[in-house]
Chemist: 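One structure coming up, written as C-alpha cells, with questions to follow.
In the text below, chain A, chain B and the rest are named by the order of the sequence lines, each starting its count at 1.
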Amino acid sequence: MAEKLPPYLSSLNPEQLAAVRHEGGNLLILAGAGSGKTRVITTKIAYLVRERGVDPESILAVTFTNKAAKEMRDRAAAIESRCSRAVMRTFHSFGAWFLRRNAAAAGLDSNFTIYDDDDQTTILHGLLPQYNRSECSRLVQTISRAKDLGLDPDSPSLGTLLADPEARRIYAMYQEKLRSTGNVDFGDLIGLPARLLARDEAVRRRTRQRFRVTLVDEYQDSNVAQFELLRLLAGPTAEPAAWPSSDGEDPRSPRPAYVCVVGDDDQSIYRFRGAEVRNILRFPELFPGTEIVRLERNYRSFQSILDVAGQVVSRNSGRLGKKLVAERLGGAKPELALLDDEEAEAAYCARVCKERVAGGGRWSEVAILYRTNAQSRTFENLFVREKIPYRIVGSSRFYDREEVKDALAYLAMLCNPRDEVAFKRVVNKPARGVGETSVELVLDSAASLGGDLMAASRSPVEGLRGKARSGLKDFASLLGSLGESLGGKATEGDSLASLARLLVEDSGLLEYHRSQDEVAGTQKAANLEELVNAASLYPRSREGLAEFLETIELDRSIAGEQAEAADAVTLITMHNTKGLEFPVVIATGLEQGLFPREEEEGEDLEEQRRLFYVAVTRAKDELRLTSCRWRRLHGKLFETGPSRFLGEIDSSFLRRSTKAHAVAAARPFGSGSSSPGIRAGAARPDSSSAPPRESWRAGIAVYHEDYGAGYVLKVSPTPSSGPLVVVRFETGKQAQFFPKFTTKLEIAHE
DNA sequence: AGTGCAACTCTTTTT
DNA sequence: GAGTTGCACT
C-alpha cells in the first residue's frame, strides 16, 4: 500500500527515503559516488524541520568546504525556508563560531585572528631564529599533523609522530605563543572547542542542549581531532573522550544528540592532510546503536564507467564494501589513448573537445583531469593557440600574495591589536625606519600592556630614538586615523571598500607597488585594487571588518569566482573534482611514476586508487584515459610505463584509441611489477616515436610566436630554401616565411 | 636596507 | 621549467 508522500520525498528511492526518515540511534549513510548524497542530506534537514517539528536552530550540519556548505544551505532552504536558521558550516567555520561565542571560557578574545600556514611559519620563525624559514615551515607541518591527530605537546603518543624530543618542546613553545597572544591556527579551531567541551561542564551542557541533531558530510575526510569534537558535541559514546573532563558525565545532561554522518570510504583522498579513513570504518563501533544505510544506485554515470572505477578500487583492502550499480545501463566503453608525450596528450584532448563541440556540445561539458597542477601548462599552451576556451579550477592564491597579505595585515591590526604576526608584517612596510631591534622593543613594551601592540605603538617606547621613534609614531597615527574612519558614521551605501581604499593610499602601499609594477612588470597595484573591490561587499563597521577578515581566513576562494557560467573546458586536479560531474571526463597522465608515484605502496597506493575512483566517477557519459610514453618532470624528460591502475582493469572493459600512435599503442602493459617505471635519462629514439614530418600546404592553420594564429594562403617550392609559405594572420596581417629558417612559425595541430 | 644572482626543491592542499 | 629562498653585495 503506497503511502501518500509530499513531492519532495516521493521522488526519492527506497534507500534514500529510509536514510531521510531514519531516527533513533545514530546513522551512517554510505553514499557511493553519484548516489544523491547531497540530496539526501538536505532533504533530511528539511524533513526534520517540516515533518518532525525539529527546531532548525538545534540542527548542526558540517561540511569540509565552504562551497559545499553553501550548496547545502541553498538546497535545504529551497525545500523548506526555515532550514536557513540551522547552523550549516564547515568544521573550521563552526569552530570559529563556537570559540567566538565562548571566547572567555576558551581563554581567547572574541576578536582573535586565525593564522594560516604562512603566518604559523612566521610565528615559529620568530621563536626560532636559528632555523630558516623552510625548516620552520616543515616544523609547522608536523605540528599541524599533530593537531589533526588531536595531540597536545604533552600527549604521550606524540612521540610516534615527533621522534625528536626537541620537536615536542618546539610545539609547546609555539602553542604557548598562540595562547599568550590570544590567537589561533586552523588546528585550534577544532582542538580548542573540543578541549573546552571536555573541560567545561556548563559549556558542554549548553551546547548539547542546543544541538540535538548533528550531520556531517564527506565524513571520510574527517581527521581524528574532528572525530573527537563530534563525539564531544554529540554526548556520551562508547569510549571516553581523549581529554579528561573535570567532572565526568553529568547524569542529568540531556541524552546524546542524533548523529548522522554521510560519506564514502572509497573517496577518502586527504590522508596526507590528516584525514583518517578509520573514522568512517569504525563509526558503527564508536557510536553505538548505529544503523547503516547504503546508497548504491548511481544516477550519474553509465555502467561501463563504473566498471572501470570499481575494478581498480576493489583491489583495496579495508573497505566497508559497497557495490555501485548504474541506473544508466550500457554506455560506450571508456577509451584508453596511449600517446607519445604531453604535446600529443594535449592534442588528443583538444581533438576530443573540438569533436564534442562540433557534434553540438558545449566546451563546458568536457573536463580534463590531472594529478598535479604543473600538468596544466601543456594544455593551456595548446588551448591558447587553438582558441579553445578553458578555465582552471583551483585555489587562486589571491589572498596569499604578498601585497594582499600586507594590506590585510593593516586591517587585521584594526580588528585585533594583539595580532603580532600582522604587526611585524606591516610596522615597517613601507619602510619607516623601524628595524628588527625596534620591533623587539615594542613587543616587550606591549607585553606590559596586555599585548596591545596598538597601544604600545602609541605610547613612547623606552630605548627608541630618532627615525625608529618617529616611524613608529607615523605607523600609530596611520592606524589611528583608519580606526577613526572605521568608527565614524557610515553614510548610506558606504562599504568597507572606502576604508580599504584609505588604507592602501594613506599607507603608501598602493603608490609603492605602482612604481614597482613598472620596473618588474608585475600587477601588484591591480591586486590591491581587487582587494578594495572585494571589501565593497561588507559594511563599513567593526562587524563588517571582522566578517570580511574571517571570510578570507576561512575561505580562500575569491569572491565572485563562483561564476561558472562561461562556456569553457575545465582543467582541474583530480583532488579538486570531488563533488563535481561532467558529461565528458579525460583523466590524463596515467603513468607509473606520476599516478601512482613510483614509491607509493600500502596505504599510499590505496589512497591513489581511491583518487582514481573519484576521478573516473566524475564522468556522466564519456570517459577517456590517457597515458604518455614520455613525460617531462621537473624539466627533465623521462620514459615511463603505463600506470599499474591500467593493468588492474580487465582489458575487455576498455577500448584503445585508434588514433593513438601505433608504436606507443604497441607497448605492452600489465600488472605493476612488469611495467617499467619512470627511467631517468633514457634517450629519446628519433625514428620510431617522433611525430610525422609536418607538411606545409594551403589552408592549414598555423601559429606564429609574434603574430599569433593564422592560416596558410599559398605555398611555393624553392630550389634550395624549402617551401615559401604565405600566411594570413587573424590580425589581418599578411607575411611570408621560409619555415626552414624560422622556428617562430609552426603548424597548429588539429 | 634593498637588490641581484645562484641554488634549491618540487604531489595532492577542502580549512 | 619555474618559482622561491638564502646569501652576498652595494
Side-chain angles (χ1 to χ4, degrees), chain A residues 62-71 89-96 114-118 120-121 125 131-138 141 144-145 147-148 184-191 217-218 220-223 225-226 267-275 342 369-378 381 393-395 397 399-400 402 428-437 467-468 471 512 516 519-520 550-557 572-580 589 593-600 604 607-608 610-612 614-615 632-637:
Chain A
V62 290
T63 63
F64 281 84
T65 67
N66 292 292
K67 199 173 154 199
K70 184 181 184 305
E71 189 185 358
R89 288 172 171 264
T90 65
F91 252 117
H92 291 88
S93 149
F94 168 75
I114 301 163
Y115 289 133
D116 66 16
D117 313 4
D118 191 54
Q120 290 176 272
T121 306
H125 196 40
Y131 291 85
N132 67 32
R133 236 193 120 77
S134 64
E135 286 167 328
C136 288
S137 173
R138 286 203 91 80
Q141 289 270 321
S144 298
R145 287 296 84 76
K147 290 191 175 190
D148 290 340
V184 304
D185 60 20
F186 276 106
D188 288 343
L189 291 176
I190 310 300
D217 194 12
E218 302 283 13
Q220 75 282 353
D221 287 329
S222 62
N223 61 37
Q226 287 161 336
Q267 293 188 63
S268 173
I269 54 173
Y270 285 105
R271 194 173 100 93
F272 67 95
R273 284 184 73 103
E342 283 146 288
L369 278 50
Y370 37 79
R371 179 72 184 77
T372 68
N373 283 307
Q375 289 168 253
S376 71
R377 280 205 42 205
T378 322
N381 288 342
V393 177
S395 55
R397 309 224 181 276
Y399 294 110
D400 294 338
E402 191 191 7
N428 199 32
K429 205 179 264 186
R432 298 186 178 90
V434 187
E436 225 170 294
T437 331
K467 220 166 154 200
Y512 172 77
Q516 285 299 297
V519 188
E550 179 160 317
T551 303
I552 290 168
E553 283 156 357
L554 294 178
D555 182 0
R556 324 304 299 277
S557 69
I572 190 169
T573 63
M574 294 180 182
H575 279 89
N576 268 327
T577 59
K578 188 125 73 83
L580 304 178
L594 182 65
F595 185 37
R597 278 165 63 121
E598 199 56 59
E599 69 280 12
E600 278 164 337
D604 289 335
E607 175 139 318
Q608 297 307 302
R610 296 193 288 264
L611 184 58
F612 178 85
V614 168
R632 195 172 285 282
L633 269 178
H634 315 316
K636 266 189 139 161
L637 197 62

Chemist: How is A:F91 classified with respect to the nucleic acid when contacts are heavy atoms under 4.0 Å: base, sugar-phosphate, or nothing?
Modeler: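 Answer is nothing: A:F91 stays at 4.0 Å or more from every strand.
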Chemist: For the residue pair A:H92 and A:F186, does the interplanar ring angle fall in the parallel (under 30°), tilted (30 to 60°) or perpendicular (over 60°) class?
Modeler: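 A:H92 and A:F186: perpendicular rings.
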Chemist: What nucleotide, of B:dC10, B:dT14, B:dT15, holds the atom closest to the side chain of A:D221?
Modeler: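 So the nucleotide nearest the side chain must be B:dT14.
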Chemist: Between A:A431 and A:T65, who's closer to the 5' end of DNA chain B by nearest nucleotide?
Modeler: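 Taking each residue's closest nucleotide, the earlier one in sequence belongs to A:A431.
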Chemist: Suppose we call a contact any N or O donor and acceptor under 3.5 Å apart; does that hold for the side chain of A:R273 and the base of B:dT12?
Modeler: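 When only heavy-atom distances are counted, A:R273 does not reach the base of B:dT12 through any donor-acceptor pair under 3.5 Å.
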Chemist: Indicate whether OP1 or OP2 belonging to B:dT11 is found under 4.0 Å from a side-chain N or O atom of A:T573.
Modeler: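 Looking at the OP1 and OP2 atoms of B:dT11, neither is under 4.0 Å from any side-chain N or O of A:T573.
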Chemist: Give the B/S/- string for nucleotides 4-10 of chain C, one per nucleotide from 5' to 3', where a protein heavy atom under 4.0 Å of the base yields B, of only the sugar-phosphate yields S, and otherwise -.
Modeler: --S----
Chemist: For a quick test of reading the model, state the closest non-hydrogen atom pair linking A:L611 to A:M574 and the distance between them.
Modeler: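 Nearest heavy atoms, A:L611 then A:M574: CD1-CB, 3.7 Å.
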Chemist: Parallel, tilted or perpendicular for A:Y270 and A:H575, by the 30°/60° rule?
Modeler: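 A:Y270 vs A:H575 ring planes: tilted.
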Chemist: Is it the case that atom CZ in A:R138 sees more than 12 heavy atoms from other parts of the structure closer than 6.0 Å?
Modeler: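 No, CZ of A:R138 has 12 or fewer neighbouring heavy atoms, counting only those of other groups under 6.0 Å.
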Chemist: Within the 4.0 Å heavy-atom criterion, would you say A:E402 contacts the bases, only the backbone, or no part of the nucleic acid?
Modeler: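 It contacts nothing in the nucleic acid.
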Chemist: Between A:N576 and A:R138, who's closer to the 5' end of DNA chain B by nearest nucleotide?
Modeler: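 Taking each residue's closest nucleotide, the earlier one in sequence belongs to A:R138.
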Chemist: By the 4.0 Å heavy-atom rule, please label A:R597 as base, sugar-phosphate, or nothing.
Modeler: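 The residue A:R597 makes base contact.
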Chemist: Please check if atom CD in A:E599 has more than 12 non-hydrogen atoms from other residues, nucleotides or ligands closer than 6.0 Å.
Modeler: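 Result for CD/A:E599: enclosed.
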Chemist: What is the nucleic acid contact for A:D116, judged by heavy atoms within less than 4.0 Å: base, sugar-phosphate only, or nothing?
Modeler: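 Here A:D116 touches no strand at all.
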